[in-house]
Number of protein chains: 2
Amino acid sequence: MAAAVARDGKHAGGRPTREEAARREERLLDVATAMFLDNGYDGTSMDAIAAASGTGKPSLYARYGDKRALFLAVLRHSVDLWARPLSELGQCPQHALRLADLEPLLERVGRHILECSITPESVALKRVLTSQAGQFPELAATLQDAGWGAIVRHVAALLRLAVDFERSDVADAELAADLFLSLVLGRLSHEALLGIEIDRSAIGGRITAAVKIFLGLGFVAR
Amino acid sequence: MAAAVARDGKHAGGRPTREEAARREERLLDVATAMFLDNGYDGTSMDAIAAASGTGKPSLYARYGDKRALFLAVLRHSVDLWARPLSELGQCPQHALRLADLEPLLERVGRHILECSITPESVALKRVLTSQAGQFPELAATLQDAGWGAIVRHVAALLRLAVDFERSDVADAELAADLFLSLVLGRLSHEALLGIEIDRSAIGGRITAAVKIFLGLGFVAR
DNA sequence: CCTACCGATCGGTAGG
DNA sequence: CCTACCGATCGGTAGG
């Protein structure tokens, strides 16, 4: 048998290729992410991560130092992944908006944000973040700003296109955006966090009502 | 030395008095509650609970069976304690309300609920509930109903006194109450859950804006 | 990079 | 009711 002959481009031993190393790194992070999000910090052992990622514990510790550091890397990576689709919100019309155009736009934006917020991945991320917030206090504020904060800023920019906040009673676009998001997410995000199955048929009506109330178009009949 | 002479009404040994037993039971539950809420389920060992409550582990296991059962008892007790002050909401006017009276009433109710929701005890309870929701799925729905659900029903009853929902665009008092609560809690409850210090000076303005938007009185200047 | 181990800690129980 | 222990599992490391 010839020693260390590559098959499918893989080395049979020795130092891995640079791209092979990068691939393993990514795979390790993916595996660790899935396990942490599914079973929490305490429920995921370094032994299990090593076994599932096809490496040994010493490699884990050589790369990340300790369990906390690996967990932090997983959280940062996950928040990045989660925040990315929100950039679609930035591709909204840049010109001024009439109120009549704002209503359907807010419905679309609201539905989009709600759908993004109740995916199993998003819920698992927020849950594990919540449960470990006490142990990683420096990160909670950062991630809250990258999550909720980023959405608020996007929506506030939208609102400024349609509303003259200097003449509004609220006078603060970010507060208004915050209230809009609160209306849209509300109970559904709480329930998702508790693992309660969400009644998807209620989403449409909730969004519609939320937008109407927000724009002062209901709920009291006129 | 005379054996087993009571001092301060306590027995020096043997079977405890009935009231003494009840007192120990309550003390044990209080101690376990504080530890579970401060350090989470995995972060609290039965050894630590036994030591802090001044008893031995065998007594713990004789009374509760295992750690899960003790944890469940703690959660139920805590949710009961938390839901009690909400009954004050039931002592609202029973007669019909004019819209003009509804605004200050909603401000008071909203502030009260928000204040109750961001106390350290309430936050800790929700956090530990969230982090263990996956392990205790049967309980999550029950406790959600006893918490958020109870508040929604209270507020819905209030709204029905002032609004004719059959002629409203929303047409559902519970959805309206749900949206009102969402507005009031919103970002602040999320931040509290993540352990982020809350800017208390922002509470007043948020409540006012929430009520105005909810009642269709803002935010667009008229 | 793997195996095998370290000390510590856990939930739960036997024995008296 | 207390002490002392059980097997299991953990995070992390030595040794080669």
Side-chain angles (χ1 to χ4, degrees), chain A residues 3-4 6 10-29 31-32 35-36 38-75 128 131-132 135-136, chain B residues 3-4 6 10-29 31-32 35-36 38-75 128 131-132 135-136:
Chain A
K10 279 195 221 162
H11 291 233
R15 183 174 196 150
T17 321
R18 208 164 315 189
E19 55 264 35
E20 175 67 16
R23 216 178 312 153
R24 285 196 192 185
E25 164 90 29
E26 191 180 358
R27 174 174 156 70
L28 195 161
L29 212 55
V31 167
M35 298 184 75
F36 275 130
D38 283 349
N39 304 110
Y41 183 77
D42 291 307
T44 305
S45 71
M46 294 295 268
D47 283 281
I49 294 174
S53 63
T55 180
K57 281 208 290 177
S59 304
L60 283 189
Y61 282 96
R63 177 66 186 85
Y64 289 100
D66 61 7
K67 189 182 182 183
R68 277 179 63 99
L70 173 57
F71 183 65
L72 288 177
V74 162
L75 286 189
V128 74
S131 65
Q132 295 301 316
Q135 315 300 323
F136 302 88
Chain B
K10 279 196 217 157
H11 292 234
R15 185 174 197 152
T17 323
R18 209 165 315 186
E19 54 264 37
E20 174 67 17
R23 217 177 312 152
R24 286 198 191 184
E25 164 90 28
E26 191 181 354
R27 172 173 158 73
L28 196 161
L29 211 55
V31 167
M35 299 184 75
F36 275 132
D38 282 349
N39 305 110
Y41 183 78
D42 292 306
T44 305
S45 71
M46 294 295 269
D47 284 280
I49 295 174
S53 64
T55 178
K57 281 206 292 176
S59 304
L60 282 189
Y61 282 97
R63 177 66 186 83
Y64 290 100
D66 62 6
K67 189 182 181 182
R68 276 180 64 99
L70 173 56
F71 183 64
L72 287 176
V74 162
L75 286 188
V128 73
S131 66
Q132 296 300 318
Q135 315 299 322
F136 302 87

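The figures here come from the full heavy-atom set of this structure, side chains too, leaving out hydrogens, waters and symmetry mates. Within every chain, numbering begins at 1; the chains are lettered A, B, ... in the order of the sequence lines, protein sequences first and strands thereafter.
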Checklist line | Base C/dG12 to side chain B/Lys57, donor-acceptor N/O within 3.5 Å cut-off | finding: yes
Next item on the list: Report yes if some heavy atom in the side chain of B/Tyr64 is under 4.5 Å from a heavy atom in the side chain of B/Val74; otherwise report no.
Entry: no
Checklist line | Side chain of A/Pro58 (C-beta onward), nearest among C/dG12, C/dA14, D/dA14 | finding: D/dA14
Notebook entry, point to check: So which nucleotide from D/dT13, C/dT13, C/dC10 ends up closest to the side chain of B/Lys67?
Noted result: C/dC10
Next item on the list: Specify the separation, in whole Å, of atom CZ of A/Phe71 and atom P of D/dG12.
Entry: 14 Å
Next item on the list: Among the candidates C/dG12, D/dG12, C/dC1, find the nucleotide nearest to the side-chain atoms of A/Ser59.
Entry: C/dC1
Notebook entry, point to check: Between B/Val128 and B/Phe71, is a side chain to side chain contact (heavy atoms under 4.5 Å, CB included) present by the stated rule, with each step listed?
Noted result: CA-CA 10 Å; B/Val128 73; B/Phe71 183 64; 3.9 Å; yes
Check: Using purine N1 to pyrimidine N3 plus N6-O4 or O6-N4 for Watson-Crick, or N1-O2 and O6-N3 for G-U wobble, each under 3.5 Å, what pairs with C/dC1?
Finding: D/dG16
Note to self: Under 3.5 Å for both donor-acceptor distances, Watson-Crick or wobble: does C/dC6 have a partner, and if so which one?
What the structure shows: D/dG11
Next item on the list: Could you state the atom-to-atom distance from CG of A/Asp42 to P of C/dA8 in whole Å?
Entry: 20 Å
Notebook entry, point to check: Where the side chain of B/Asp66 is concerned, which of C/dA14, C/dG12, C/dC1 is the nearest nucleotide?
Noted result: C/dG12
Next item on the list: Give a yes or no on whether the backbone of A/Tyr41 and the side-chain of A/Thr44 come within a donor-acceptor separation of less than 3.5 Å.
Entry: no
Item checked: Whole angstrom value for the distance that separates P of D/dC10 from CG of A/Leu60 -> 14 Å
Next item on the list: Name the residue closer to the 5' end of DNA chain D, choosing between A/Asp47 and B/Asp47 according to the nucleotide with the nearest heavy atom.
Entry: B/Asp47
Notebook entry, point to check: Does the side chain of B/Leu28 reach to within under 4.5 Å of the side chain of B/Arg63, using non-hydrogen atoms?
Noted result: no
Check: Rounded to the Å, how far apart are A/Ile49 CD1 and D/dT9 P?
Finding: 17 Å
Notebook entry, point to check: Within this structure, what is the OH-to-C1' distance between B/Tyr64 and C/dG11, rounded to whole angstrom?
Noted result: 17 Å
Notebook entry, point to check: Which whole-number value in Å describes the distance from B/Met46 CE to D/dC6 C1'?
Noted result: 17 Å
Margin query: Rounding to an integer number of Å, can you tell me how far B/Tyr61 OH sits from D/dC2 P?
Written below: 16 Å
Note to self: Side chains of B/Gln132 and B/Asp42, heavy atoms from C-beta outward: is any pair under 4.5 Å?
What the structure shows: yes
